[in-house]
> 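Here it is, the structure in full.
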Amino acid sequence: MKIKKQHRKKKYHHTFNRKRMHNKLRSTGQVKCKVIKEAWNHKKSSHLNLREMGLANDPNKVIAIPNFKQEQLKIARKIVNNGESEDEVEVVKRPPRKVKVAEQLEAEAKAPRERKFIKSLPKGQVEFITYLLDKYGHDYKAMARDKKNYYQETWKQLRAKVKTFMGIPKQYGEYLKARGLLESELDEEELKEQAKALVMDDD
């Protein structure tokens, strides 16, 4: 006697938008890069689009890892053929059609960027940095040996913290005013310029 299988009755869910769900599954996401977005052809696949631009979605295929076994086989064949290498068919690769995209991206990556200023540091960190600056000036190696350096930060880490503090015009301006190092009232832009100059001199 066969056992009857019980099938759950299928229900239509009115809350789901099937068309939107299908589009969401098929979409590859929005292209945020302006240069790639302009050169992108929606009729072609992402692999073909990137290949035409001189880009790749899989770096392992472009920069192949040398295969030890294949290299050993080539050496063995040379020995068998008395030093004469077999005629290898040279594959002539066509240059990508949209090479300008890769060149533009490379130029953008190499372009100098402006230093972004952090809005503010925590109060405890400011107190620690100002204490170190008052006691040691810019002697970072002495700062690293201070007893209040609880987290055992290196002199390079402390130098980076001091530079970050000097790059915040509001907090660094207050520190300079409190120590009497700032003679006149300066704008935020002027303080930024001073902070930049001090950070550059400290390198």
Side-chain angles (χ1 to χ4, degrees), residues 20 23-24 27-40 42 46 49-50 52-60 62-63 65 96 98-203:
R20 194 183 294 146
N23 291 338
K24 196 176 180 182
S27 72
T28 53
Q30 288 184 344
V31 181
K32 289 179 181 178
C33 181
K34 193 185 174 183
V35 183
I36 296 170
K37 197 174 184 177
E38 285 171 2
W40 196 269
H42 292 281
S46 58
N49 265 307
L50 290 169
E52 281 184 355
M53 292 175 202
L55 305 169
N57 55 353
D58 189 0
N60 295 320
V62 179
I63 307 160
I65 298 161
K98 301 170 185 176
V99 192
K100 286 181 181 179
V101 176
E103 287 171 0
Q104 275 182 306
L105 288 169
E106 199 175 337
E108 277 180 23
K110 286 179 180 177
R113 283 169 177 79
E114 284 185 16
R115 188 173 180 272
K116 288 182 179 178
F117 286 89
I118 298 163
K119 286 182 180 178
S120 63
L121 285 171
K123 191 182 175 183
Q125 208 167 345
V126 172
E127 284 173 5
F128 176 59
I129 292 162
T130 51
Y131 158 76
L132 292 172
L133 284 169
D134 289 339
K135 195 172 181 182
Y136 303 105
H138 290 280
D139 188 0
Y140 303 109
K141 287 182 181 178
M143 287 180 189
R145 292 191 294 270
D146 192 85
K147 64 182 178 181
K148 284 192 179 180
N149 185 14
Y150 304 125
Y151 298 107
Q152 295 293 297
E153 288 175 306
T154 62
W155 68 271
K156 284 188 179 180
Q157 287 172 322
L158 291 167
R159 184 180 66 180
K161 278 190 174 182
V162 170
K163 282 185 179 183
T164 308
F165 172 66
M166 286 164 73
I168 302 162
K170 192 182 176 183
Q171 288 180 327
Y172 189 58
E174 283 175 13
Y175 167 75
L176 292 173
K177 281 175 190 174
R179 303 298 180 276
L181 300 166
L182 199 68
E183 290 174 6
S184 58
E185 293 290 325
L186 294 171
D187 297 337
E188 196 174 327
E189 290 298 319
E190 286 177 16
L191 275 168
K192 274 186 183 180
E193 290 299 319
Q194 272 196 14
K196 277 183 186 177
L198 284 161
V199 169
M200 291 298 287
D201 291 340
D202 195 45
D203 280 336

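Owing to the predicted nature of the structure, the values given are computational and were not obtained by experimental measurement. In this chain, residues are counted from 1 in sequence order.
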> Does Thr154 offer a backbone N or O that forms a donor-acceptor pair with the side chain of Gln157 under 3.5 Å?
yes
> Mind listing the closest non-hydrogen atom pair of Pro96 and Val99 along with its distance?
O-CG2, 2.8 Å
> How many angstroms lie between atom CD1 of Ile168 and atom CG of Leu121, to the nearest 0.5 angstrom?
3.5 Å
> Under the side chain to side chain donor-acceptor pair (under 3.5 Å) test, which residues partner Lys98, sequence neighbours left out?
none
> Looking only at heavy atoms, which two atoms of Lys148 and Phe128 are closest? And how far apart?
O-CE1, 3.6 Å
> Taking all heavy atoms of Ile129 and all of Lys161, pick out the closest pair and write down the distance.
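Looking at all heavy atoms of both residues, the shortest contact is CD1-O, 3.8 Å.
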> Can His138 and Tyr140 be counted as having a side-chain donor-acceptor contact under 3.5 angstrom?
yes
> Are any of the side-chain heavy atoms of Trp155 and Arg159 separated by less than 4.5 Å?
yes
> CG of Leu176 to CD of Gln171: how many Å apart, nearest 0.5 Å?
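If we round to the nearest 0.5 Å, Leu176:CG and Gln171:CD are 12.0 Å apart.
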> For Leu132 and Val162, run side chain to side chain contact (heavy atoms under 4.5 Å, CB included): C-alpha distance rounded to whole Å, both residues' side-chain angles, the deciding distance at 0.1 Å, then the answer.
CA-CA 9 Å; Leu132 292 172; Val162 170; 5.8 Å; no
> Compare every heavy atom of Met143 with every heavy atom of Gly137, then report the nearest pair and how far apart it is.
O-CE, 3.2 Å
> How long is the span from the CG atom in Leu50 to the CD1 atom in Ile36, to the nearest 0.5 Å?
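Leu50 atom CG to Ile36 atom CD1 measures 7.0 Å (nearest 0.5 Å).
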> Do Trp40 and Met53 make a side-chain contact, defined as non-hydrogen atoms from C-beta onward lying under 4.5 Å apart?
yes
> Per the salt bridge (charged side-chain N to carboxylate O under 4.0 Å, His left out) rule, what does the pair list look like for residues 132-141, sequence neighbours excluded?
Asp134-Arg179, Lys135-Asp146
> Taking all non-hydrogen atoms of both residues into account, name the closest pair between Ala39 and Val101 and its distance.
CB-CG2, 3.6 Å
> Are any of the side-chain heavy atoms of Tyr175 and Val126 separated by less than 4.5 Å?
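Answer no - side chains too far apart.
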> Got a second to check how far Glu174's CD is from Lys177's NZ, nearest 0.5 Å?
7.0 Å
> Please list every donor-acceptor pair under 3.5 Å in which a side-chain atom of residues 102-110 meets a protein atom from a residue at least two apart or in another chain.
| from | atom 1 | to | atom 2 | distance (Å) |
| --- | --- | --- | --- | --- |
| Glu106 | OE2 | Lys110 | NZ | 3.3 |

